[in-house]
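Report on one structure; see the data block that follows.
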Amino acid sequence: QQQQQQQYIMAVPFFVETPDDTKMNEAKAIFEVPSDLADQLVKQPILCRGSCFDLAVDVVTEDKTYICSYYYTAQDPQTTALEIAKRLSNRIGDPDASQALSSMVFGGGK
């Protein structure tokens with residue numbers, strides 16, 4: 001039995017904010033990303049856990065950029081943020097891949 005382990009090129013630090021007064025798992029996940037890639041990273045949503053997560057630039061400092069995603073989840077918000085961070089890490093490792101995906105045309109036959 002062979003065990004597979006996925007490796008990520010770069011860790012994406014993140015934290016999750018959740019309001020105390022919410023009954024649903026409303027969350028804001030904030031991810032620290034390289035400033036030179038931030039605009040490209042937010043162009044396409046992240047697909048994971050059966051959902052589509054839009055991203056936006058949140059805060060820009062001299063040396064860091066933070067992007068965020070607001071979402072509701074029936075799952076643990078921390079786990080959802082971890083899955084988004086993994087996909088961001090893959091995009092950072094191959095920034096042209098998401099650009100190529102956005103230029104593809106998907107359609108069904110008649």
Audit row: T18, Q78, side chain to side chain contact (heavy atoms under 4.5 Å, CB included) steps and yes/no
CA-CA 10 Å; T18 54; Q78 198 74 21; over 6 Å; no

Are the side chains of R87 and L47 in contact, using a 4.5 Å heavy-atom criterion?
no

Can you see which heavy atom on A27 is nearest to which on V16, and at what distance?
CB-CG1, 3.9 Å

To the nearest 0.5 angstrom, please state how far the OG1 atom of T65 sits from the CD atom of E32.
9.0 Å

Which atom names give the shortest non-hydrogen contact between P13 and A11, and what distance separates them?
CD-O, 3.4 Å

Taking a hydrophobic cluster as the set of Ile, Leu, Val, Met, Phe, Trp and Tyr residues connected by side-chain heavy atoms closer than 4.5 Å, whether directly or through intermediates, do V33 and Y70 fall within one such cluster?
no

Working note: L88 + F14, criterion side chain to side chain contact (heavy atoms under 4.5 Å, CB included); need CA distance, chi angles, decisive distance, verdict.
CA-CA 11 Å; L88 284 170; F14 69 91; over 6 Å; no

Let me confirm one number: the CG-CD1 distance from L41 to I67, rounded to the nearest 0.5 Å.
5.0 Å

Quick check: closest heavy atoms across Q44 and R91, and the distance to 0.1 Å?
O-NH1, 2.8 Å

Mind checking whether Y71 and F53 have parallel, tilted or perpendicular rings, split at 30° and 60°?
perpendicular

Is there a side-chain contact between Y66 and V57, using heavy atoms and a 4.5 Å cut-off?
no

Quick one, C48 with I84, criterion side chain to side chain contact (heavy atoms under 4.5 Å, CB included). Give me CA distance, side-chain angles, the key distance, then yes/no.
CA-CA 7 Å; C48 69; I84 295 170; 3.9 Å; yes

Are any of the side-chain heavy atoms of C52 and I46 separated by less than 4.5 Å?
no

If you compare all heavy atoms of S69 against all heavy atoms of L55, which two are closest, and at what distance to 0.1 Å?
CB-CD2, 3.7 Å

Joint cluster assignment, I30 & V60, ILVMFWY side-chain distance < 4.5 Å:
no

